[in-house]
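FYI, the numbering just counts along the sequence from 1.
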Amino acid sequence: MSALSFRIGLIVLGGVLGIAACASADVVMLKNGGQVRGQLQTAVDAPVVVVNTLLGGTVAIDQSDIDNIERRSLLVEEYES
């Protein structure tokens, strides 16, 4: 029975790591020098870009305030944060 539990644990761990590797985070660089870090919920070229932040909040940013958007791995973004 313990061999079965070990196998199930490995399968669950592999699934969690696979989901984390596929997740992405983004950095929205603002014209005023600020940054918003999180996951984009809208298209990069939308009139208003909506970002779910790493802390769980949601921020809407007008396209005219955005200088650049960088797409990143969630693991890299969490490390830098």
Side-chain angles (χ1 to χ4, degrees):
M1 191 68 167
S2 65
L4 178 60
S5 297
F6 180 74
R7 288 181 185 161
I8 291 172
L10 285 178
I11 291 170
V12 169
L13 178 61
V16 169
L17 291 176
I19 290 169
C22 293
S24 66
D26 308 295
V27 180
V28 178
M29 311 237 188
L30 304 175
K31 289 182 179 176
N32 68 5
Q35 296 179 352
V36 178
R37 298 171 181 264
Q39 188 171 26
L40 290 180
Q41 297 301 305
T42 57
V44 173
D45 58 352
V48 176
V49 174
V50 178
V51 181
N52 283 346
T53 67
L54 296 176
L55 298 176
T58 302
V59 178
I61 307 166
D62 191 55
Q63 189 63 246
S64 64
D65 295 328
I66 297 174
D67 183 41
N68 187 26
I69 297 176
E70 289 183 18
R71 307 287 268 172
R72 293 184 171 179
S73 160
L74 180 60
L75 295 176
V76 170
E77 196 54 42
E78 286 180 343
Y79 173 77
E80 286 193 9
S81 294

Chemist: Just so I know, are the side chains of Q63 and V49 near enough to count as touching, which here means a heavy-atom distance under 4.5 Å?
Modeler: yes
Chemist: Can you name the closest pair of heavy atoms from V48 and T42 and give their distance?
Modeler: O-OG1, 3.6 Å
Chemist: Looking at every heavy atom in both K31 and I66, which two are closest together, and how far apart are they?
Modeler: CE-O, 3.4 Å
Chemist: Is there side-chain contact between V28 and E70, with at least one heavy-atom pair below 4.5 Å?
Modeler: no
Chemist: If we only count heavy atoms from C-beta on, is the L30 to V36 side-chain gap below 4.5 Å?
Modeler: yes
Chemist: Quick check against the 3.5 Å criterion: does N52 have a side-chain atom that pairs as donor or acceptor with the backbone of Q39?
Modeler: no
Chemist: Do V50 and T58 have side chains that get closer than 4.5 Å, going by heavy atoms?
Modeler: yes
Chemist: Could you measure the distance from the CZ atom of R37 to the OG1 atom of T53? Nearest 0.5 Å is fine.
Modeler: 12.0 Å
Chemist: Once you round to the nearest 0.5 Å, how far does CD of Q35 lie from CG of N68?
Modeler: 10.0 Å
